[in-house]
Q: 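Pasting a structure below so you can have a look.
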Number of protein chains: 2
Amino acid sequence: MATAGGRRPSATRRAGNRRSQPYDADSLLEVAVKVFTERGYDGTSMEDLARAARITKSSFYYHVSGKEELLRRSLDRALDGLFAVLAEERAVQGRAIDRLEHVVRRSIEVLVDQLPHVTLLLRVRGNTRVERRALERRREFGRAITKLVSEAVSEGDLRAGIDEGLTARLLFGMINSVVDWYRPNGGSLTAGSLADAVVSLTVEGWRQPGAQPRR
Amino acid sequence: MATAGGRRPSATRRAGNRRSQPYDADSLLEVAVKVFTERGYDGTSMEDLARAARITKSSFYYHVSGKEELLRRSLDRALDGLFAVLAEERAVQGRAIDRLEHVVRRSIEVLVDQLPHVTLLLRVRGNTRVERRALERRREFGRAITKLVSEAVSEGDLRAGIDEGLTARLLFGMINSVVDWYRPNGGSLTAGSLADAVVSLTVEGWRQPGAQPRR
DNA sequence: GTCTATATTACGATAGAC
DNA sequence: GTCTATCGTAATATAGAC
């Protein structure tokens with residue numbers, strides 16, 4: 001999965017806030033997006049970013065044109081990851097219910113893998129052109145999910161009578177909410193076991209199989 | 001449900017952005033929180049608020065001490081609503097599974113009823129004391145939900161083997177995600193039918209009852 | 001590449017007239 | 001209660017030395 005590019009010049013080097021070698025635009029993006037997710041994009045100043053990188057504002061500006069470039073690159077990373085999932089073999093071939101499950105599982109992987117970027121994406125409000133473009137792509141992703149749910153109903157694998165758009169929204173609402181608490185260092189909770197929990201909860205429900213229906 | 005106070009001096013009067021009678025602190029809170037949810041709290045300036053209220057910044061300051069007072073009052077409104085649910089008769093008496101369902105349904109009602117305030121609450125980052133206090137109360141609410149899920153497992157009404165904390169988080173993640181798309185003017189989708197969808201999806205799952213298990 | 005210093009604008013907040 | 005005018009601060013961004 002990784003960061004999609006090839007070379008990784010400073011990812012490990014910078015781990016632990018160690019300040020030794022000069023920055024490049026990519027390593028500063030990492031720093032920035034981390035701070036954005038902690039304090040919010042609008043709540044973060046270039047001074048905050050520079051302090052987190054242990055350099056001055058001016059040095060920061062040497063590498064990037066400004067806050068919005070950082071936001072744009074981060075949002076693109078998240079969106080490219082999600083759309084790549086929609087293009088995968090198992091997302092386009094087979095029964096809709098299987099394609100849906102695949103997209104759910106892989107989306108959770110992308111979310112965990114690109115956690116800060118996806119987090120930022122999910123909090124965008126649409127105040128600038130960059131943000132509005134991201135929102136539009138997000139809506140496009142949502143439409144693709146709704147279509148999958150719709151087809152799964154048509155093919156008889158989801159209960160008829162459910163509202164496709166609503167179900168899709170609630171499903172991805174559940175998935176997206178993961179960014180609010182998931183922390184990679186947590187250890188045992190992998191993207192896979194998280195996906196298991198989500199799929200289990202939405203597919204089978206939490207009802208105790210033996211239990212009497214309660215109404 | 002309403003706005004908890006008694007008199008409603010300008011709620012209807014202000015509907016439709018009509019500008020006629022003088023403001024008070026409560027009617028300005030409504031205006032402000034609406035803008036906050038659209039542009040984000042940090043992304044909103046007092047100038048923005050004043051423009052939305054069709055008065056000047058100075059006039060706005062005549063009624064409120066500043067942005068943070070507006071935030072504090074909004075967050076308190078959301079949190080008070082949610083905690084009131086936990087204190088309701090049906091949230092403290094009976095089987096845990098029934099108490100849980102009641103809290104889920106009533107929380108959705110509060111969310112819909114106090115939509116902008118709950119929206120703001122869910123987006124708080126913890127940058128100020130006011131925000132950190134709200135986050136702490138939110139965590140306390142979360143712990144109460146986890147406890148309910150836990151008890152429902154103990155009482156044998158939820159499948160054993162599920163992770164209580166994870167289930168609680170995913171459940172309320174699904175519920176909370178509603179603020180990202182629900183619009184009251186939408187018409188036919190009431191809090192009740194929304195709650196039905198959430199309960200149905202999480203309790204029964206979306207599997208077609210007649211369908212063969214697929215793995 | 002990184003720094004100090006600074007230009008410029010935006011923002012939160014207040015003073016004082018009406 | 002609302003206005004115009006303004007103060008002080010903090011933010012984005014750049015210039016120029018090293």
Side-chain angles (χ1 to χ4, degrees), chain A residues 7 9-11 13-14 17-33 35-36 38-74 120 125 127-131, chain B residues 7 9-11 13-14 17-33 35-36 38-75 120 124-125 127-131:
Chain A
R7 94 232 110 101
S10 47
R13 191 149 39 75
R14 294 251 160 247
N17 227 5
R18 207 75 76 239
R19 173 88 177 75
S20 46
Q21 238 91 350
Y23 281 106
D24 61 17
D26 267 0
S27 50
L28 281 181
L29 178 64
E30 280 182 55
V31 172
V33 172
V35 182
F36 286 159
E38 285 166 5
R39 311 171 57 90
Y41 175 73
D42 286 319
T44 303
S45 70
M46 289 298 283
E47 183 66 50
D48 292 329
L49 296 182
R51 196 179 307 118
R54 317 276 232 89
I55 57 178
T56 60
K57 264 193 299 178
S58 308
S59 303
F60 212 107
Y61 273 108
Y62 174 81
H63 297 285
V64 302
S65 68
K67 258 174 84 173
E68 194 154 37
E69 180 199 327
L70 292 163
L71 180 63
R72 181 179 44 73
R73 293 209 293 146
S74 175
L120 211 49
R125 301 307 309 149
N127 294 340
T128 64
R129 264 189 84 252
V130 165
E131 299 188 23
Chain B
R7 94 231 110 99
S10 48
R13 193 151 34 78
R14 295 248 162 249
N17 227 3
R18 207 73 80 237
R19 173 85 179 74
S20 45
Q21 237 91 353
Y23 281 106
D24 60 18
D26 267 0
S27 51
L28 281 182
L29 179 63
E30 279 183 54
V31 172
V33 172
V35 183
F36 286 158
E38 285 166 6
R39 313 171 55 91
Y41 174 72
D42 287 319
T44 303
S45 69
M46 289 298 283
E47 184 65 51
D48 292 330
L49 297 182
R51 196 179 307 116
R54 317 278 231 87
I55 57 178
T56 61
K57 260 195 301 179
S58 309
S59 303
F60 211 105
Y61 272 107
Y62 174 81
H63 297 285
V64 300
S65 67
K67 259 176 83 173
E68 195 154 37
E69 179 199 330
L70 293 163
L71 181 63
R72 182 179 44 72
R73 293 210 293 146
S74 176
L75 296 179
L120 212 49
V124 150
R125 300 308 309 152
N127 293 340
T128 63
R129 264 188 83 250
V130 166
E131 299 188 25

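Just so it is clear, the values below take in all heavy atoms, side chains as well, and ignore hydrogens, waters and symmetry mates. In what follows, chains are A, B, ... by sequence order, proteins preceding strands, each numbered from 1.
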Q: Just how far, in rounded Å, is P of C:dT2 from CD1 of A:Ile55?
A: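 Spelled out: CD1 on A:Ile55 to P on C:dT2 is 6 Å.
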
Q: Are A:Arg73 and A:Glu69 within salt-bridge range, i.e. N to O under 4.0 Å?
A: yes

Q: Does the side chain of A:Thr56 get closer than 4.0 angstrom to OP1 or OP2 of C:dT2 through an N or O atom?
A: no

Q: Roughly, in whole Å, what's the span from CD in A:Glu47 to C1' in D:dA13?
A: 13 Å

Q: Does A:Tyr61 place a side-chain N or O at less than 4.0 Å from the phosphate oxygens OP1/OP2 of D:dT14?
A: no

Q: Which residue in the set B:Arg51, B:Met46, B:Glu47 passes side chain to side chain contact (heavy atoms under 4.5 Å, CB included) when paired with B:Phe60?
A: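 That would be B:Met46; it is the only one of B:Arg51, B:Met46, B:Glu47 passing the side chain to side chain contact (heavy atoms under 4.5 Å, CB included) with B:Phe60.
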
Q: Using whole Å, report how far CG of B:Leu28 lies from C1' of D:dT2.
A: 12 Å

Q: Can you tell me which residue among B:Asp42, B:Val31, B:Thr44 is in a side chain to side chain contact (heavy atoms under 4.5 Å, CB included) with B:Phe36?
A: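 When side chain to side chain contact (heavy atoms under 4.5 Å, CB included) is applied between B:Phe36 and each of B:Asp42, B:Val31, B:Thr44, only B:Thr44 qualifies.
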
Q: Grab the CG-C1' distance between A:Leu70 and D:dT12 for me, whole Å please.
A: 13 Å

Q: Given the structure, check if the side chain of B:Lys67 and the base of C:dG12 hold any donor-acceptor pair shorter than 3.5 Å.
A: no

Q: Without decimals, in angstroms, what is the distance between B:Tyr62 OH and D:dG1 C1'?
A: 6 Å

Q: How close or far is atom C1' of C:dA10 from atom CZ of B:Arg39, stated in whole angstroms?
A: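 Rounding to the nearest Å, CZ of B:Arg39 and C1' of C:dA10 are 13 Å apart.
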
Q: Applying side chain to side chain contact (heavy atoms under 4.5 Å, CB included) to A:Arg125 and A:Tyr41, what does each step give before you reach the verdict?
A: CA-CA 10 Å; A:Arg125 301 307 309 149; A:Tyr41 175 73; over 6 Å; no

Q: Let me know the distance between CG of B:Asp42 and P of D:dA11, rounded to the nearest Å.
A: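 After rounding, the gap between these two atoms is 11 Å.
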
Q: Is A:Ser59 close enough to C:dC3 that one of its side-chain N or O atoms is under 4.0 Å from OP1 or OP2 there?
A: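 A:Ser59 to C:dC3 OP1/OP2: side-chain N or O found under 4.0 Å.
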
Q: Going by modelled atom types, is there a donor-acceptor pair between the base of D:dA5 and the side chain of B:Ser58 at under 3.5 Å?
A: yes

Q: To the nearest Å, how far apart are B:Lys57 NZ and D:dC7 P?
A: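 Spelled out: NZ on B:Lys57 to P on D:dC7 is 13 Å.
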
